[in-house]
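Presented below is the structure to which this report refers.
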Amino acid sequence: GAVRQVAGAGIDTNNSDVRVAAGGDIVLARVGAGSGNVSLQAGGAILEALDDGGRGDDGPEIVAAGARLNAGAAVASAAERLELRVGALSARAGDAIWLDEADGVRITDVAVRVNRVGADATAAPRDDAVQSDLVTTGGSGLIALLTRAGPIDLLDGSAPADGRALSSFGGAPLLLQPGGAGAVLAVPGAGGVQQAGAFVLDSGLRLGGAFVVEAGLGGVAGDGDIRIAGPVEGTAGGAADVLELRSDGGDVTLLGAVGATQPLDRVLVAGAGDVRFAEAVRLSGELRVQASGVVRFDGPLQLAGGSLVITGAREVLLGDVSLGSGDVEISADALQLRGTLASGGADARLLLQPGSAGTALRVAEGATAGALVLDAALLARLSGFERVSLAAPEGDLVLDGATLAALAPVRALELGSGGDVALTGAIRLTLGGATLAVQAGAELRMAAGSSLATTGGDLSLVADGDMLLGRVD
């Protein structure tokens, strides 16, 4: 059956654990356990007790060191969240979870031990074993947790220790709202989120290790948006601070600065539609983005010791980009640079190529449909790269010598395509010993009066089809 408290009723202990179990619903007015834990075990829903006017009591329904909630149906509702004042929290439900915490809370292990008094007046210990994480297994699957004045600390507990502290069912979003001045979602160690729909964090994020968000696992393509509203920071010392954001084609948006105070070690975005970094990004290692839409950096990007890799994008928009020693690989059908793209590496490599199969690459002036266009203004913003590769793996490559002359001197230039290569004008490498390689998957054609030259370096021309040459020096 059900357990029902009327509004105004309560259960209190002197710092001892409390366990309430029902085969049906648990309707709760107030449970206080002091420094003890509270366990609610319902075959149905866990709900707040309401008065005749449809209002609940003022103040939290659970006041304890920890809360262990387990329901066959929902925990509370959007209209009447279950209000808590606890330090530790774990909840599992067959439908949505709606929680409102008075200050800060830690998602971690919670267990309860009580003495159950039998009909013969004898007491026997009764345990609710350790339960971890926030998990939904049916219904809408939504998880919504709001704190009024403190952070949400996210720990992967021990029951099970599976690398996930949040896991939801269904296509509804996961909503985390740490409230109060400076409140963030804090991940002190390695942890993760598996979300059927969208992941929405209405605060900043502080890492203390690797944190993985997997959104859009419910089977509906493109519903796995990931949105982090505040700044993302690492923690000095300890494990590497790694942020992985994996979607099913949904958009990934980070509205705050990344690594402004403590740089992250690595950021990976995979399976995204559009990707936007709205503020500055500072990492000590690499940044990898795999996306099918627009990848946009509104602020500067600084990588102290890693590479920048962006693949599959329809368009990439970059401001100032500075790499201490790494390489750059950008595969996109359009590229805009509002600042400089520079590397300080001794042997840094730059690869630019289209993001879609069959798209051509034009190193020339003027926009052209169906091609990634690199004009002189863009090439002039590239610096510090010893090796440059310009390629169209499944399309044609068109090269104009006057446009390519805007590129800073390099020690190795590779020009290639899966289709034809067409060259006009003069292409000359001015650094002594610099090498030039041109490879065509079909024909290689040099226009009348065109030329290829190095200054004492090797020059290689390869074509799977015909080769029509101008001057080669």
Side-chain angles (χ1 to χ4, degrees), residues 225-226 243 245-247 249-255 257-258 266-283 285-303 306-323 326-343 348-385 387-395 397 403 406-408:
D225 291 349
I226 298 173
L243 178 62
L245 306 175
R246 299 181 178 273
S247 181
D251 297 339
V252 174
T253 306
L254 288 87
L255 295 177
V258 177
R266 181 172 180 260
V267 171
L268 168 69
V269 179
D274 293 340
V275 176
R276 182 188 178 200
F277 291 86
E279 299 290 343
V281 177
R282 191 162 70 103
L283 310 179
E286 70 174 356
L287 172 60
R288 289 182 173 267
V289 178
Q290 188 273 315
S292 60
V294 177
V295 177
R296 176 174 178 171
F297 292 81
D298 293 342
L301 170 60
Q302 181 181 353
L303 307 180
S307 296
L308 171 64
V309 179
I310 302 174
T311 57
R314 184 173 74 251
E315 183 176 14
V316 173
L317 298 90
L318 296 170
D320 285 320
V321 180
S322 173
L323 293 88
D327 300 332
V328 173
E329 175 184 336
I330 298 176
S331 300
D333 294 337
L335 175 62
Q336 293 187 38
L337 296 181
R338 300 185 305 276
T340 59
L341 174 56
S343 177
R349 177 175 181 261
L350 171 67
L351 168 63
L352 300 178
Q353 61 184 18
S356 300
T359 301
L361 172 61
R362 290 182 56 88
V363 183
E365 303 306 304
T368 302
L372 168 61
V373 177
L374 308 178
D375 59 20
L378 185 148
L379 295 177
R381 294 178 180 271
L382 309 174
S383 67
F385 296 97
R387 298 173 294 145
V388 172
S389 298
L390 307 177
E394 299 183 46
L397 173 61
T403 297
L407 182 68

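For the residue pair Leu382 and Leu337, the shortest heavy atom distance occurs at CD2-CD1, 3.7 Å. Scanning all heavy atoms of the two residues, the minimum distance from Ala406 to Ala376 falls at CB-O, 3.5 Å. Taking each heavy atom of Ser247 and Gly250 in turn, the nearest pair found is OG-N, 2.9 Å. Closest approach of Ser343 to Ala348, counting heavy atoms only: OG-CB, 3.2 Å. Contact detail for Ala357 and Glu394: the closest heavy-atom pair is CB-OE1, 3.3 Å. For the residue pair Pro354 and Ala391, the shortest heavy atom distance occurs at CD-O, 3.1 Å.
Taking the side chain as every heavy atom from C-beta outward, Arg349 and Ser389 approach each other to under 4.5 Å. Between Arg314 and Asp274 there is a side-chain heavy-atom pair separated by less than 4.5 Å. Counting heavy atoms from C-beta on, the side chains of Leu351 and Asp327 never come closer than 4.5 Å. By the 4.5 Å heavy-atom criterion applied to side chains, Leu318 and Ile330 are counted as neighbours. Residues Val258 and Leu287 are not in side-chain contact: their nearest non-hydrogen atoms beyond the backbone lie 4.5 Å or more apart. In this structure the side chain of Val363 never reaches within 4.5 angstrom of the side chain of Leu407, judged on heavy atoms. Put simply, the side chain of Val269 does not reach to within 4.5 Å of the side chain of Val295, judged on heavy atoms. Contact annotation: the side chain of Gln336 never approaches that of Leu378 to less than 4.5 Å [non-hydrogen atoms, C-beta and beyond].
Under the side-chain hydrogen bond (donor to acceptor under 3.5 Å, both in side chains) criterion, the residue pairs touching residues 368-378 are Arg362-Thr368, with sequence neighbours excluded.
In this structure, the side chain of Asp320 engages the main chain of Thr340 through a donor-acceptor pair within 3.5 Å. The main-chain N or O of Ser331 is never found under 3.5 Å from a side-chain atom of Gln353 such that the two would form a donor-acceptor pair. Here the side chain of Asp333 pairs a donor or acceptor atom with the backbone of Gly355 at under 3.5 angstrom. At distances below 3.5 Å, not a single donor-acceptor pair connects side-chain atoms of Glu329 with backbone N or O atoms of Thr311. Using a distance-only test at 3.5 Å, with no hydrogens or angles considered, no donor-acceptor pair links the side chain of Ser307 to the main chain of Gly326.
For the atom pair CG of Leu341 and CG of Leu335, the computed distance is 8.0 Å after rounding to the nearest 0.5 Å. Considering CG of Leu361 and CG of Leu397, their distance stands at 5.0 Å, rounded to 0.5 Å. For the atom pair Thr253 OG1 and Arg296 CZ, the distance stands at 11.0 Å (nearest 0.5 Å). Atom CG of residue Leu317 and atom CG of residue Asp298 lie 8.5 Å apart, to the nearest 0.5 angstrom. How far CG of Leu303 is from CG of Leu323: 4.5 Å, rounded to the nearest 0.5 Å. To the nearest 0.5 Å, atom CG of residue Leu254 and atom CD1 of residue Ile226 are 9.0 Å apart.
No side-chain donor from either of Ser322 and Gln302 sits under 3.5 Å from a side-chain acceptor of the other.
Applying the salt bridge (charged side-chain N to carboxylate O under 4.0 Å, His left out) rule to Glu286 yields the partners Arg266, Arg288; only residues at least two apart in sequence or on another chain are considered. With sequence neighbours excluded, the residues satisfying ring pair (Phe, Tyr, Trp, His ring centres under 6.0 Å) with Phe297 are Phe277.
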